[in-house]
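FYI, side chains are in, hydrogens and waters are out, and symmetry mates aren't considered; it's all heavy atoms of this structure.
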Amino acid sequence: MNLEKFQQSMYELIVETSTNLPKDVRRAVKAAAVRENAGTSAAMSLATITNNIQMADENISPICQDTGMPTFKVKTPVGVNQLQIKEAIYEAMIEATKNGKLRPNSVDSLTGENSGNNLGAGTPVIKFEQWEKDYIDARLILKGGGCENKNIQYSLPCELEGLGKAGRDLDGIRKCIMHSVYQAQGQGCSAGFIGVGIGGDRTTGYELAKEQLFRRVDDVNPNESLRQLEEYVMKHANELGIGTMGFGGETTLLGCKIGVINRLPASFFVSVAYNCWAFRRLGVQIDPTTGEIQEWFYQDGEEIVFDAPQQEETKSESRTFTLTAPITEEQIRELKVGDVVKISGRMYTGRDAIHKYLMDHDAPVDLNGQVIYHCGPVMLKDEQGEWHVKAAGPTTSIREEPYQGDIMKKFGIRAVIGKGGMGPKTLAALKEHGGVYLNAIGGAAQYYADCIKSVDGVDLMNFGIPEAMWHLQVEDFTAVVTMDSHGNSLHEHVDKSSLEKLSQFKEPVFS
Ligand SMILES: O=C(O)C[C@H](O)C(=O)O
Ligand code: SF4
């Protein structure tokens with residue numbers, strides 16, 4: 001095999017997967033955008049999402065800054081050297097990271113050190129299979145950490161909030177799947193796609209669930225019971241009202257694929273892999289002699305054009321405020337859940353490592369009246385040593401729940417921006433201190449990168465690029481107030497109302 005060419009093909013597969021959302025996924029997103037009512041938060045978020053998808057195409061830059069756990073599935077004809085393939089994939093990963101197509105995402109679990117090139121123990125994941133065909137089939141999925149955190153595994157029988165007892169039968173499985181969508185709320189950047197694995201052990205159950213994510217969104221399950229179940233879930237999960245980013249709305253789920261394998265008599269697992277709307281997976285057919293790409297998978301069909309939203313659709317029903325840091329308590333107290341905020345001026349990124357650090361250290365900058373953005377961007381340094389933002393959407397905020405309230409009070413921070421919302425501890429601190437939580441659109445990494453006009457500095461680089469504290473100069477960075485300083489939380493509200501809706505699906509359906 002021409003290894004140089006093969007490595008180039010793997011590089012193309014990585015770049016395309018990170019930057020070019022597959023057509024079957026685009027069709028599902030488009031259908032969701034069409035369903036939402038103009039002027040609602042869901043419609044506006046979907047407009048941002050579709051805009052972001054197109055920006056990623058044009059910029060050839062990551063759709064989302066979290067380029068995920070690279071998982072390759074490679075089928076090779078007998079005689080092809082899999083060791084060489086592995087080596088070529090490693091090289092292609094290094095190059096894609098260097099060129100800002102992947103974020104350095106491989107972190108030592110004990111020391112916290114980022115390897116910087118996406119290689120490390122267990123990264124990337126490469127699964128090989130041998131087959132009788134005469135070509136190589138290489139597929140890649142880039143599944144982000146936020147949606148990965150929303151995966152869930154049920155052991156039947158069990159008791160489920162809202163749904164009661166789930167037994168060891170098809171109806172018990174139905175309940176688990178409905179519950180899995182409920183428990184994800186907006187935190188995995190809904191509307192999402194789920195892959196479900198029935199049976200196996202804890203490991204093979206999850207593997208089967210992830211395997212389902214390689215199926216086309218629009219395929220039809222050949223197993224009649226599973227086909228019916230997939231259809232049922234698609235219809236009814238969308239009645240939960242969680243909606244895009246958990247803002248409420250018509251579409252909560254974009255795809256549901258279910259597979260089944262045998263189990264042990266004692267075990268009965270239902271494993272669910274949740275994937276965000278930024279469902280990045282592609283595949284190629286490769287000639288094993290030349291190493292060249294012969295065909296792309298998931299990319300058939302017409303070009304999908306997302307219509308630019310009409311004037312009345314972009315006109316929000318909400319009040320709009322403009323803020324520039326330092327922000328006063330008075331300005332914050334004026335904001336209510338549902339308001340749109342446009343931020344200009346300075347903001348600082350801070351995510352997991354920074355929040356832990358700030359608990360018992362001084363801040364490297366004065367944070368009084370400032371804005372913290374839960375974000376781990378993709379950054380590139382030019383020849384002059386200047387940093388440039390390549391992708392910069394929000395990360396899931398709930399992970400900072402143990403720290404956030406204390407840190408806001410300790411340093412006088414007035415606003416935090418993230419996604420998916422935070423819990424009661426933060427809500428209480430916002431009320432006491434005069435703070436606000438702003439929800440940005442998860443995955444819209446190109447859209448937000450465009451709002452960042454310059455990088456003015458960076459602290460705590462020892463935490464690695466995604467975890468460092470970046471000083472950003474922004475213009476019209478738009479987010480929605482979802483938790484205010486008066487004790488109101490849209491997240492709490494949507495959680496409650498979706499749980500009520502979930503309980504409507506308590507009665508047996510598949511008996
Ligand atoms: O790590 C990130 O940047 C985001 C993550 O995928 C998340 O959804 O929280
Ligand atoms: S930020 Fe959202 S869109 Fe990006 S990887 Fe995480 S869950 Fe997916």
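- Qualifying side chain to side chain donor-acceptor pair (under 3.5 Å) partners for N151, counting only residues two or more places apart in sequence or in other chains: K143, E148.
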Exercise for review: Show your reasoning for whether ring-ring contact (aromatic ring centres under 6.0 Å, His included) applies to F268 and Y154.
Suggested key: CA-CA 8 Å; F268 200 133; Y154 301 90; over 10 Å; no
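- Using a 4.0 Å cut-off between charged side-chain N and carboxylate O, R351 and E467 make a salt bridge.
- Under a cutoff of 6.0 Å and an axis angle of 45°, R139 and F297 form a cation-pi pair.
- For the pair T48 (side chain) and M44 (backbone), a donor-acceptor distance under 3.5 Å is present.
- In this view, Y447 satisfies the side chain to side chain donor-acceptor pair (under 3.5 Å) rule with no residue, not counting sequence neighbours.
- For K73, the NZ atom is densely surrounded, since the number of other residues' heavy atoms within 6.0 Å is greater than 12.
- For F269 and Y206, the ring centers are positioned 6.0 Å apart or more.
- Taking the charged nitrogens against the carboxylate oxygens, D24 and R27 have no contact shorter than 4.0 Å, which rules out a salt bridge.
- Distance alone, capped at 3.5 Å, places no donor-acceptor pair between the R280 side chain and the P62 backbone.
- Side chain of R263 to main chain of P265: a donor-acceptor pair is present (N/O by atom type, distance under 3.5 Å, no hydrogens or angles).
- Relative to the ring axis of F505, R174 does not place its NZ or CZ within 45° and under 6.0 Å from the centre.
- For H486, the NE2 atom sits in a packed shell: over 12 heavy atoms of surrounding residues, nucleotides or ligands are nearer than 6.0 Å.
- In terms of the side chain to side chain donor-acceptor pair (under 3.5 Å) criterion, residue partners of E239 (sequence neighbours excluded) are, by chain and number, H236.
- Salt bridge R399/D352: present, at least one basic N to carboxylate O contact under 4.0 Å.
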